[in-house]
Structure formats: C-alpha cells, structure tokens
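Structure record follows, encoded as structure tokens.
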Amino acid sequence: MCKEKQLTKGRLAIHLSKLKVFEFADHNKEQYPTDSEIAATVLWHALGLGDVEGKSFTDLGCGTGVLGIGTLILGAKSCKFVDLDGDALAIAEEQSPPGGNFVNGDVLEYEGTSDVVIMNPPFGTREKHIDAKFLKKSFSVADIIYSFHKTTTVEHLRELGNKNGYVMTHQWNFDFPLKQTQKFHKKRIHRIEVSCLRFEKND
Ligand code: SAH
C-alpha cells in the first residue's frame, strides 16, 4: 500500500479503517475490533520508539487482525496472529500483507516467542481477569509489550509487570468506542476509558 505516497499516520488510519471486522461478534469472547484511529495512533508511537521496523511481532487475540496488520504495513519483519476464533483468524489471513503467520488456538496455552507483542485482549468483563492472564502470558512471549486495558486496571497491571520483571514505560489514554454489535447494548456507541500500555523487560 501507499507505494507512491509517503505513509503518514492519517493514511495508515484510513487504510486500517477499510479492513474487514468480525462478521458475527461473539460477546462471550468479548470480540470488539480496535478503532482504526486508535490503532494507528499506537502503531505510530511504536514506530517512533523504534519498536516496529525489522521486528517480529505476535498479536495475541488478534481477531480480524487490525493491530498485527498495522505492524506489517509499517515494516515489521513478521507477525504471528493468534486467536481462538477460526472465522476471525481467516478474515485476518485474507487481508494480511505478506509476513503473517496464523495460529488458531488459545492464547493462554501459546508457546511461541517474538521481539514484540501487540494486543487488544478481552477486557475481562465476561471472564474475570482474562486481561491480566493475557498480559502475564505476553511476558513469556516478548521483551516489549503493547497492550490495551481498561484504565481503571492500570495500577494493578503496572504491579503485575514489576512482579514479572517488566517496567511500564508508557501509557496512552483513549475513549474507546465500542460499537453496538450485541442486542443487549442499549446505546449505539458506548465509550469506555482504555489505555494502551507499553512494558519493557528489565535488564
Ligand atoms: N485484537 C483484535 C480483537 C480484539 S477482541 C482487535 O484489536 O481488533 C478480543 C479477541 O480475543 C477476540 O478475537 C477473541 O476471539 C480473542 N480471544 C478471547 N479469548 C481468547 C483466548 N483465550 N485465546 C485466544 N483468543 C482469545
């Protein structure tokens, strides 16, 4: 993409906004795609910090792949996409640039490694503490982690990082739009405070 034109954060956001998302979002798996503007903002920060170009990535709970696809667009060497949901994973595979590998399985049992993890995991509203379990798992996968969480849980997750030998270096806050995909949602767009956290392994 954007071969002729220079890639900017705005162009990345437009590109990501055109990606397909879940056809049938399953609320039991807390399936919500990351908003394309928010994804582009975080990816652009990661690029600026030197965490993307030439790096191998894992997108844990990748869904339809917006985060991992963004890393590949920005010059990551490779990205492993991991999700339980085979249908979502197939959509990710269909629209991924070259460099993607696709693993249909449970993140909590995943055993691969990479330079960086990027993830927007379930926030734990359905399955308690699944967000913290994903974060703990990510510490066994990579030395650098980008992970989205509810802002209310940040201090707890910072401590979890410390206990596992990781320091939280950055926090970017967003009003996260969760579009109405479920019948039980009353408002069309409901917003929650979400933070993307960057963790780095202590030397
Ligand atoms: N990261 C994507 C999707 C977020 S929704 C995006 O940013 O758009 C959370 C995703 O985690 C869903 O696709 C869901 O299927 C997946 N998921 C939930 N629990 C999982 C588990 N234990 N193992 C693997 N994937 C899981």
Side-chain donor-acceptor pairs under 3.5 Å in residues 99-108, sequence neighbours left out?
{"residue": "N104", "atom": "ND2", "partner": "D83", "partner atom": "O", "Å": "2.9"}
{"residue": "N104", "atom": "ND2", "partner": "L84", "partner atom": "O", "Å": "3.0"}
{"residue": "D106", "atom": "OD1", "partner": "L108", "partner atom": "N", "Å": "2.8"}

Return all side-chain donor-acceptor pairs below 3.5 angstrom for residues 63-76, not counting sequence neighbours, or 'none' if the list is empty.
{"residue": "T71", "atom": "OG1", "partner": "G68", "partner atom": "O", "Å": "2.6"}

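A distance of 10.0 Å separates CG in L157 from CD in Q171, rounded to the nearest 0.5 Å. Rounding to the nearest 0.5 Å gives a distance of 8.0 Å between CZ of F22 and CD1 of I91. In this structure, CG on L160 lies 11.5 Å from NE2 on H129, to the nearest 0.5 angstrom. Of the inter-residue distances, the one linking Y146 atom OH with W172 atom CH2 reads 5.0 Å to the nearest 0.5 angstrom. To the nearest 0.5 Å, atoms CD (E155) and OG1 (T153) are separated by 9.5 Å.
Nearest heavy atom pair, residue L16 against residue A39, reads CD1-CB, 4.0 Å. Listed here is the closest heavy atom pair of E127 and E30: N-OE2, 3.7 Å. The shortest non-hydrogen separation linking L89 to F81 is CD1-O, 3.7 Å. Contact detail for P33 and V21: the closest heavy-atom pair is CB-CG1, 3.7 Å. Of all heavy-atom pairs spanning P121 and H149, the tightest one is CG-CE1, 4.2 Å. Of all heavy-atom pairs between K137 and E109, the closest is NZ-C, 4.2 Å.
You'll find the side chain of Y166 reaches within 4.5 Å of the side chain of D143, heavy atoms only. For the pair S147 and F134, the minimum side-chain heavy-atom distance is 4.5 Å or more. Between H170 and L197 the shortest side-chain heavy-atom distance does not fall below 4.5 Å. Counting heavy atoms from C-beta on, the side chains of Y32 and I192 never come closer than 4.5 Å.
Residues forming a side chain to side chain contact (heavy atoms under 4.5 Å, CB included) with E37 (at least two apart in sequence, or on another chain): A13, D35. Under the side chain to side chain donor-acceptor pair (under 3.5 Å) criterion, T113 pairs with no residue at all, not counting sequence neighbours. Take S138 and apply the side chain to side chain donor-acceptor pair (under 3.5 Å) test, not counting sequence neighbours, and it matches no residue. Remark: T169 pairs with V167, R198, E200 by the side chain to side chain contact (heavy atoms under 4.5 Å, CB included) rule, at least two apart or across chains.
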Q: Tell me, with the steps shown, if F148 and D131 meet side chain to side chain contact (heavy atoms under 4.5 Å, CB included).
A: CA-CA 9 Å; F148 286 86; D131 52 327; over 6 Å; no

(Q) Walk me through whether I118 and L43 qualify under side chain to side chain contact (heavy atoms under 4.5 Å, CB included). (A) CA-CA 9 Å; I118 190 161; L43 287 158; 3.9 Å; yes

Q: Check the pair M119 / L135 against side chain to side chain contact (heavy atoms under 4.5 Å, CB included), numbers first and verdict last.
A: CA-CA 9 Å; M119 62 181 185; L135 186 62; 4.1 Å; yes

Q | Derivation of the side chain to side chain contact (heavy atoms under 4.5 Å, CB included) call for T34 and F174 | A | CA-CA 11 Å; T34 305; F174 300 102; over 6 Å; no

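Under the 4.5 Å side-chain heavy-atom criterion for Ile, Leu, Val, Met, Phe, Trp and Tyr, M168 and L60 are members of the same hydrophobic cluster. Both I145 and Y110 are members of a single hydrophobic cluster when ILVMFWY side chains are connected at heavy-atom separations under 4.5 Å. L19 and W44 fall within the same hydrophobic cluster, where Ile, Leu, Val, Met, Phe, Trp and Tyr residues are linked whenever their side-chain heavy atoms come under 4.5 Å apart, directly or through other members. A continuous path of ILVMFWY side-chain contacts below 4.5 Å connects V42 to F176, so both sit in one hydrophobic cluster. Using a 4.5 Å cut-off between side-chain heavy atoms of Ile, Leu, Val, Met, Phe, Trp and Tyr, with links allowed through other members, L7 and F57 fall into the same hydrophobic cluster.
In terms of modelled atom types and a separation under 3.5 Å, the side chain of N173 and the main chain of S195 share no donor-acceptor contact. No donor-acceptor pair closer than 3.5 Å links the side chain of K150 to the backbone N or O of F123.
Ring pair F139/F199 is perpendicular by interplanar angle, where above 60° counts as perpendicular and below 30° as parallel.
Residues T58 and S114 have side chains that bring a donor and an acceptor to within less than 3.5 angstrom of each other.
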